[in-house]
Protein chains: 2
Amino acid sequence: MDTSQLLKGVLDLAVLAVLREEDGYGYDVVRRLRAAGLSEVGDASVYGTLRRLYHAGALTTYVVPSEEGPHRKYYSLNGTGRDLLRRSAKTWREFAGVLTELVDHATKEAA
Amino acid sequence: MDTSQLLKGVLDLAVLAVLREEDGYGYDVVRRLRAAGLSEVGDASVYGTLRRLYHAGALTTYVVPSEEGPHRKYYSLNGTGRDLLRRSAKTWREFAGVLTELVDHATKEAA
DNA sequence: CGGACTATTCTGCATGACGCAGTACTGCGC
DNA sequence: GCGCAGTACTGCGTCATGCAGAATAGTCCG
């Protein structure tokens, strides 16, 4: 029904894409994803994804103490991460292409 | 890593799309999906999806005895199913658009 | 006829990702 | 001090995918 199922397997890619543009901390990544149109991402999902990607060796992290609140834990793409992004992006494009074509073909002649 | 996670929440849509074109039985739907490019769908997933969609009231079913093997259980889209397909397709296009844009933007300046 | 193989359906269980709800800590405004 | 916003993290539930396995019905081989 909602996008929660659609997100599965795609949040990794979305997070990588966002971090590719600029390092970011969890709370901020959530906001950026929502601003990009993924309005229904839960923060817990992002933290979980960040942790998975980190343990997978795709991200490095550093803490920046903030005087305007708690510390911020920044994440940054490393070589492995950029490589993963590239491959994931390719997989996504192929997958999305196939499915879009299937859907278009099926709904073209429908009202 | 593979497409199994990508499929989540999308198999419903793919099955609906395939059935929109022509009624089909499980084994056949699997083949059609694979032929369409979704080469990694598992048959058990399709049977499960078919059952979910049926219980959701999106499909009707009828059995056709086959002379070349066991009976075939055909599934057909009804009004609810076509409506679901239309709405799911819309959701998919929006979602895919957002993500593709995000990914393109992030990988544009990458090697 | 027995055995093997294909077509076809279905179920049990494991895996794993998303997210709600809750915890915790830091400054700021009142 | 109280509460609210920013920020991080975790436990548990839910649910879809899929592997492995079972069962039935025909066909072909010897």
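In this text the structure is predicted, and so the values were computed from the model without any measurement. Below, read A as the first sequence line, B as the second, and so on, with proteins coming before strands; counting in each chain starts at 1.
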Between [X] and [N], is there a side-chain N or O to OP1/OP2 distance below 4.0 Å?
X	N	result
Y47(B)	dT9(C)	yes
S45(A)	dG19(C)	yes
R51(B)	dC10(C)	no
T49(B)	dT17(D)	yes
R72(A)	dC25(C)	no
R31(A)	dT7(D)	yes
Y27(B)	dT9(C)	no

Provide, to the nearest angstrom, the distance between the [atom1] atom belonging to [X] and the [atom2] atom belonging to [N].
X	N	atom1	atom2	result
H71(B)	dA23(D)	NE2	P	16 Å
R52(B)	dG18(D)	CZ	C1'	12 Å
L11(B)	dA17(C)	CG	P	17 Å
Y74(B)	dT8(C)	OH	C1'	11 Å
R32(A)	dG6(D)	CZ	C1'	16 Å
L50(B)	dT8(C)	CG	P	14 Å
E40(B)	dT17(D)	CD	P	14 Å
L33(B)	dT17(D)	CG	C1'	13 Å

Look only at the side chain of [X] and the backbone of [Y], and say whether a donor-acceptor pair between them is shorter than 3.5 Å.
X	Y	result
R34(A)	V41(A)	yes
T61(B)	Y74(B)	yes
D12(A)	L53(A)	no

Measuring from the side chain of A44(B) (C-beta onward, heavy atoms only), which nucleotide among dC9(D), dC19(D), dT9(C) has the closest atom? dC19(D)
Could you please name the option among dA8(D), dT9(C), dC25(C) that lies closest to any side-chain atom of Y25(B)? dT9(C)
So, for R32(A) and D23(A), which heavy atoms are closest and what is the spacing to 0.1 Å? NH2-O, 3.1 Å
side-chain contact (heavy atoms from CB on, under 4.5 Å) between Y62(B) and Y25(B): does it pass, once the steps are laid out? CA-CA 9 Å; Y62(B) 53 98; Y25(B) 51 98; over 6 Å; no
Touch check for G48(A), heavy atoms < 4.0 angstrom, all strands: base, sugar-phosphate only, or nothing? nothing
Base, sugar-phosphate or nothing for D43(A)? Non-hydrogen atoms, less than 4.0 Å. base
Which residue lies toward the 5' end of DNA chain C, G9(A) or S66(A), if each is placed at its nearest nucleotide? G9(A)
